[in-house]
Amino acid sequence: MKKIYAALLLFINHAAIAQDASMTYQYADNKSDLKIQQDFYTPKASGEGYCKQVSSFMTLANANMKPYLTREAFHAYLKQLSNAVRSNAVDNKQTLNKVSVFYKTISDLSDLEGSDDYRYQLYKFSYPVYKALNEAWEDDIVNAAISDGSLNLADYINLKAVDDGNLKDAMTIIDNNRGLLGSAEKCNYKVAVDSPILKNDKVEVVFCNDAIYRKAAPAYTGKLLNGPIKDWQDHKSESDAMMNIMKYNANLSAHTGQRVYAATMTSPKANKMEQGLESDAAWFILVFRNGMLYYSYMIAPCGPRNNCHIH
């Protein structure tokens, strides 16, 4: 009986040591991973969450795209895209109207004589929209896919139409179809800059839609969309890159899809401004101080908090 009891104690002791080692090992793992856990549980700004969700979806869409399409395969894809444009694929009429206009634009452009590359670009720019509709993603994702697809399409056509006579009417097709969207409701967003430390600085306020923000954001390595930027003076060249993208798109006045509004406050002390922003887009505000990005946030111009205060 004593031998059995001693053996049982020895087994329990070994088990306890093994369990303790396991617990120690797990604790060490968790401790080394504490920063990741902390980041996970730290509250995120709404813009961060939105951008990560869109980025994850776009990564999935890019992974699902075919590397090449024949002419026949492209026309078969257009039929699939047409079938995906149905009323129950989205939640509201405004999104459905944007989906219908986007599909019509792709369909009209496909009638132009173009190269294999041209057809593939039409496929590439529209596929995320097809995926979002076909898999019943929420309207935010559908709208983001349309916004990115429209911007990339316009950029591509503007570049290629210069040397390709077959595409001379392509930008007109895009603009005419955009006119079918009608005029979206506009809401005023208010900005106040009244800090004494900014009274002698040049303050530039830029509003851009989500596609242009996503186009510009990779140029900036600092933390964005949390309001004030602590290390704002350390990113001069990156701020220049972002501003250049904003200015380029702001100057495309003929093409209403490129939505950028900019204003300069030459005397920021006790200065206020208002900007009308369309309700059919996701909007971001970027504030530059002496040419460097000083503040960034995703905003809701038609929401209850339609203002910000820059210190």
Side-chain angles (χ1 to χ4, degrees), residues 33-63 91 95 128-129 131-132 135 137-152 187 189-191 193 204-243 245-246 249 259-262 275 277-289 292-311:
D33 206 30
L34 193 59
K35 179 66 168 63
I36 296 175
Q37 294 181 55
Q38 185 178 11
D39 288 344
F40 180 80
Y41 288 108
T42 299
K44 301 293 191 301
S46 59
E48 278 188 296
Y50 168 77
C51 288
K52 284 182 179 179
Q53 186 184 24
V54 172
S55 177
S56 296
F57 170 78
M58 292 301 182
T59 298
L60 288 174
N62 289 334
D91 294 330
T95 303
V129 178
K131 180 178 177 67
E135 297 178 3
W137 287 72
E138 59 267 33
D139 278 24
D140 281 352
I141 295 297
V142 175
N143 284 315
I146 292 173
S147 189
D148 280 12
S150 298
L151 178 63
N152 292 329
C187 299
Y189 191 85
K190 306 174 185 67
V191 180
V193 182
E204 298 166 281
V205 181
V206 177
F207 298 96
C208 65
N209 70 2
D210 56 333
I212 296 173
Y213 171 80
R214 285 190 288 273
K215 182 179 179 180
Y220 197 86
T221 59
K223 194 167 182 62
L224 296 172
L225 303 183
N226 283 267
I229 297 173
K230 293 181 180 179
D231 55 347
W232 63 277
Q233 292 175 300
D234 299 334
H235 301 276
K236 178 66 172 73
S237 61
E238 298 170 36
S239 296
D240 288 342
M242 289 191 77
M243 179 59 88
I245 292 173
M246 298 298 153
N249 286 281
R259 294 182 181 174
V260 177
Y261 302 103
Q275 176 63 57
L277 301 172
E278 292 85 353
S279 62
D280 64 341
W283 287 97
F284 294 79
I285 180 174
L286 306 174
V287 179
F288 294 81
R289 178 182 178 185
M292 289 164 282
L293 190 60
Y294 185 67
Y295 180 98
S296 65
Y297 209 70
M298 184 179 181
I299 60 176
C302 295
R305 299 186 64 180
N306 62 340
N307 62 83
C308 69
H309 189 181
I310 310 299
H311 299 282

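Quick caveat, the model's predicted, so the values are computed rather than measured.
Taking CH2 from Trp283 and SG from Cys187, the interatomic distance works out to 11.5 Å, rounded to the nearest 0.5 Å. Atom-to-atom distance recorded for Glu135:CD and Leu60:CG is 8.0 Å, nearest 0.5 angstrom. Taken from CE in Met298 to CD1 in Ile285, the straight-line distance is 13.5 Å, to the nearest 0.5 Å. Taking CE from Met242 and OH from Tyr220, the interatomic distance works out to 8.0 Å, rounded to the nearest 0.5 Å. Atoms CZ and CD1, from Arg289 and Ile310 in turn, are 11.5 Å apart once rounded to the nearest 0.5 Å. Note that SG of Cys208 and CZ of Phe284 are 7.0 Å apart. Values are rounded to the nearest 0.5 Å.
Arg214 and Asp148 get closest at one heavy-atom pair: NH2-OD1, 2.8 Å. Shown here for Ala216 and Met246, the closest heavy-atom pair between the two residues is CB-CE, 3.6 Å. When all heavy atoms of Leu293 and Phe288 are compared, the closest pair comes out as N-CD2, 3.6 Å. Closest of all the heavy-atom pairs between Lys223 and Ile229 is O-CG1, 4.0 Å. The minimum heavy-atom distance linking Ala145 with Phe57 is given by the pair CB-CE2, 4.4 Å. The heavy-atom pair separating Ile146 from Val129 by the smallest distance is N-CG2, 3.7 Å.
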| Would Val206 and Met243 satisfy side chain to side chain contact (heavy atoms under 4.5 Å, CB included), going step by step from the backbone distance to the final call? | CA-CA 9 Å; Val206 177; Met243 179 59 88; 4.2 Å; yes
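Without hydrogens or angle criteria, Asn62 side chain to Met58 main chain gives a donor-acceptor distance under 3.5 Å. With Asp234 contributing its side chain and Trp232 its backbone, the two residues share no donor-acceptor pair below 3.5 Å. With Ser147 contributing its side chain and Asn143 its backbone, the two residues share no donor-acceptor pair below 3.5 Å. In terms of modelled atom types and a separation under 3.5 Å, the side chain of Asn209 and the main chain of Ile212 share a donor-acceptor contact. Without hydrogens or angle criteria, Tyr294 side chain to His311 main chain gives a donor-acceptor distance under 3.5 Å. Under the 3.5 Å distance criterion, the side-chain polar atoms of Ser296 are matched with a main-chain donor or acceptor of Leu225. Side-chain N or O atoms of Glu238 include one that pairs as donor or acceptor with a backbone N or O of Thr221 at under 3.5 Å. Using a distance-only test at 3.5 Å, with no hydrogens or angles considered, no donor-acceptor pair links the side chain of Ser55 to the main chain of Cys51.
Taking 4.5 Å as the limit, some side-chain heavy atom of Ile141 sits within range of a side-chain heavy atom of Val54. Between Cys308 and Tyr189 there is a side-chain heavy-atom pair separated by less than 4.5 Å.
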